Amino acid sequence: MGFRMKVVLAGVLALVTLAGVMFALYVQDSRAAVQKQYVEKARSVVLTVESAREEMAKKWQSGIFSAEQLREWAAAGRVDKVLQAVPVVTAWHAAMAKAEEGGYQFRVPKFQPRNPKNMPDETESRVLKMFESGTATEHYEIDLAANAIRYFRPIRLTEDCLLCHGDPTQSATLWGNDQGLDPTGAKMENWKAGEVHGAFEVVQSLSAADRALAATLWRGTGIVAALVGLSAVALYLVVTRVVVRNLIAPVQQIAGELDEGAEQVHEASAQVAGAANMLAQGASDQAAALQQASSSLEQVASMSRDNARNAEDVNRLSGAARETAQGCDRTMQRLGVAMTAINESAGAIHKIIKVIEEIAFQTNLLALNAAVEAARAGDHGKGFAVVAQEVRSLAQRAAQAAGETTGLIEASVARAREGSRVATEVASGMSSIVTHVTQVSDLVGNISAASRDQAEAVDQLNKAVAQLNTVTQQNASASEESASASQQLSAQAESVRNTVTRLMQVAGAPPGRGSEANPRA
């Protein structure tokens, strides 16, 4: 997924999340408003019922109804008229008559009801006990199983209610029987005024409100989906215009330039590594040759000492000494050629190290420029700034290693020059020895002194070769270290090139020349 699509997707997800939160808050507020509206409606219904009850009670107080009338109606078998004169019964009958039209269910639950339909369920029993404890004057709750709001208000007995529910001993006086029965034939309970006789309950279903809310949500969802779609298109166009112009295009250009620079560094480091490996191999071969030359010189020194001890036999051995001196002369000539080659190799190494220092300096400049461009890119360039810092650190380490190697090479060059000078002097001495040995027949008297001089010269030559061997070993070690450093530089250049390739992929740029050359990138 491209960078632009990620930005657009993030924006769309943010809009969808915001819409979801708004929908959730709307549903919560809507349900709370509906619940509050239903509670107010139920309270209004119950207050109307209580108002009707109070109106009937006033009729009793004004004498419109009396106990004598109820007793006459009961005696005539008109229990229906008796019930119509009871205030609470008249009130709840009025509420029940309008319950279906008002969209609610009206109940009058109470303990030990005379009508079995008013037997309380578990919720109603709990609310009645709460009313009896006097902790609340009304109560409502949501019945999740029925998806309805249940509103309760307690029914408390008044003095008028005690005519039917009061002291059963008053039944003879009030109702003309000594059985404790009221006009309807029910047992008087001996209740007191103010006690909870039951509760008015209004049950209102939330299904219709939920359906209306669902329809509103569906319409809102369609509108929000359309708005999100339009916002996504607008966001895509804005991101395409702004991001491509201000971010992706500059990053692609920088990544392309870095890819070319990384490829050049990689090629140069590969060449340096190859040259360093060849130099290390040549130094190793040169050290082996010098070891052989040192062994040969040791033999010559031994022979010279034997000549000094056997000066009496110099005449007899002069022929052999002449041949040995001539061989030494040829050897010294080869040694001079070898020393010249060493000087030339040391000069070539010095040039290679200078090339490495220039490469490190250019790499450091490129890393510094990349860090500046990454800083200009802001947060989007932080990752590339880290890569640029690593490349700059690598270039600094390479420059430091090149400087150290340059010091070693310059010391080696100086020592090689000294060895060449000594070798030249020894070659000149050997030429003199050949001349003297040629004239040995005429200079037999001087052969002993010449032999001692020869022994001393060979000792000096042996020391010079030993010193040259040490310098050559150091050159070989430095060459191996240079080869290792070059390989590390090549590996780091490969890593930088891979990193630049990944950066180009992130920026959406096509692969550079380095990526095509190395499929691993």
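As the structure is a computational prediction, the values presented were derived from the model and not from experiment.
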Any donor and acceptor pair, going by atom type alone, linking the side chain of [X] with main-chain N or O of [Y] inside 3.5 Å?
X: Ser205; Y: Ala148; value: no
X: Lys59; Y: Ala85; value: no
X: Thr90; Y: Val86; value: yes
X: Thr221; Y: Leu217; value: yes
X: Gln69; Y: Ser66; value: yes
X: Lys41; Y: Lys36; value: no
X: Ser30; Y: Tyr26; value: yes

For atom OH of Tyr140, is the number of surrounding heavy atoms from other residues, nucleotides or ligands below 6.0 Å larger than 12?
no
Is it the case that more than 12 heavy atoms not belonging to Met96 sit under 6.0 Å from its CE atom?
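Counting neighbours around CE of Met96, more than 12 heavy atoms of other residues, nucleotides or ligands fall under 6.0 Å, so yes.
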Student check: side-chain heavy atoms of [X] and [Y] closer than 4.5 Å:
X: Val46; Y: Phe152; value: no
X: Tyr151; Y: His139; value: no
X: Leu163; Y: Met188; value: no
X: Val88; Y: Cys161; value: no
X: Asn147; Y: Ser207; value: yes
X: Met56; Y: Phe65; value: yes
X: Ile155; Y: Val196; value: no
X: Pro154; Y: Met130; value: no

Worked verdict on Arg150 versus Glu201 for salt bridge (Lys or Arg N to Asp or Glu O under 4.0 Å):
CA-CA 7 Å; Arg150 304 178 71 172; Glu201 178 184 5; 2.8 Å; yes
Could you give the distance from [atom1] ([X]) to [atom2] ([Y]), rounded to the nearest 0.5 Å?
X: Leu394; Y: Ser495; atom1: CG; atom2: OG; result: 9.0 Å
X: Arg71; Y: Thr173; atom1: CZ; atom2: OG1; result: 9.0 Å
X: Ser171; Y: Leu181; atom1: OG; atom2: CG; result: 6.5 Å
X: Asp167; Y: Lys192; atom1: CG; atom2: NZ; result: 6.5 Å
X: Tyr38; Y: Gln204; atom1: OH; atom2: CD; result: 6.5 Å
X: Glu122; Y: Glu124; atom1: CD; atom2: CD; result: 11.0 Å

NZ/NE/NH1/NH2 to OD/OE distance under 4.0 Å, Asp29 and Arg31
no
Do the charged groups of Arg43 and Glu50 touch, with an N to O distance under 4.0 Å?
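Salt bridge flag = no for Glu50 with Arg43.
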Dump the intermediate steps for side chain to side chain contact (heavy atoms under 4.5 Å, CB included) on Arg107 and Lys117, then the final yes or no.
CA-CA 9 Å; Arg107 284 178 48 79; Lys117 294 182 180 179; 5.6 Å; no
For the pair Glu189 and Arg114, evaluate side chain to side chain contact (heavy atoms under 4.5 Å, CB included) and give the outcome as yes or no after the intermediate values.
CA-CA 11 Å; Glu189 296 93 342; Arg114 295 179 179 181; 3.3 Å; yes
Do you know which of Val203, Val34, Asp143, Ile142 makes side chain to side chain contact (heavy atoms under 4.5 Å, CB included) with Ile149?
Ile142
Yes or no on side chain to side chain contact (heavy atoms under 4.5 Å, CB included) for Val89 and Gln84, after CA distance, side-chain angles and deciding distance?
CA-CA 7 Å; Val89 174; Gln84 290 177 1; over 6 Å; no
Looking only at non-hydrogen atoms, find the nearest pair between [X] and [Y] and report the distance.
X: Val82; Y: Leu70; result: CG2-O, 3.7 Å
X: Gln396; Y: Asn364; result: NE2-OD1, 4.2 Å
X: Cys164; Y: Pro183; result: SG-CD, 4.1 Å

What verdict does the side chain to side chain contact (heavy atoms under 4.5 Å, CB included) test give for Thr137 and Phe131, after you've listed the backbone C-alpha separation in whole Å, the side-chain angles of each residue and the deciding distance to 0.1 Å?
CA-CA 7 Å; Thr137 58; Phe131 286 155; over 6 Å; no
What residues form a ring-ring contact (aromatic ring centres under 6.0 Å, His included) with Phe200, not counting sequence neighbours?
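Here the qualifying residues are Phe106.
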List for me each residue that meets ring-ring contact (aromatic ring centres under 6.0 Å, His included) alongside His197, sequence neighbours excluded, and say none if there are none.
His165, Trp191
For residues Asp182 and Thr184, is any side-chain donor paired with an opposing acceptor at under 3.5 Å?
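Thr184 and Asp182 do have a side-chain donor-acceptor pair below 3.5 Å.
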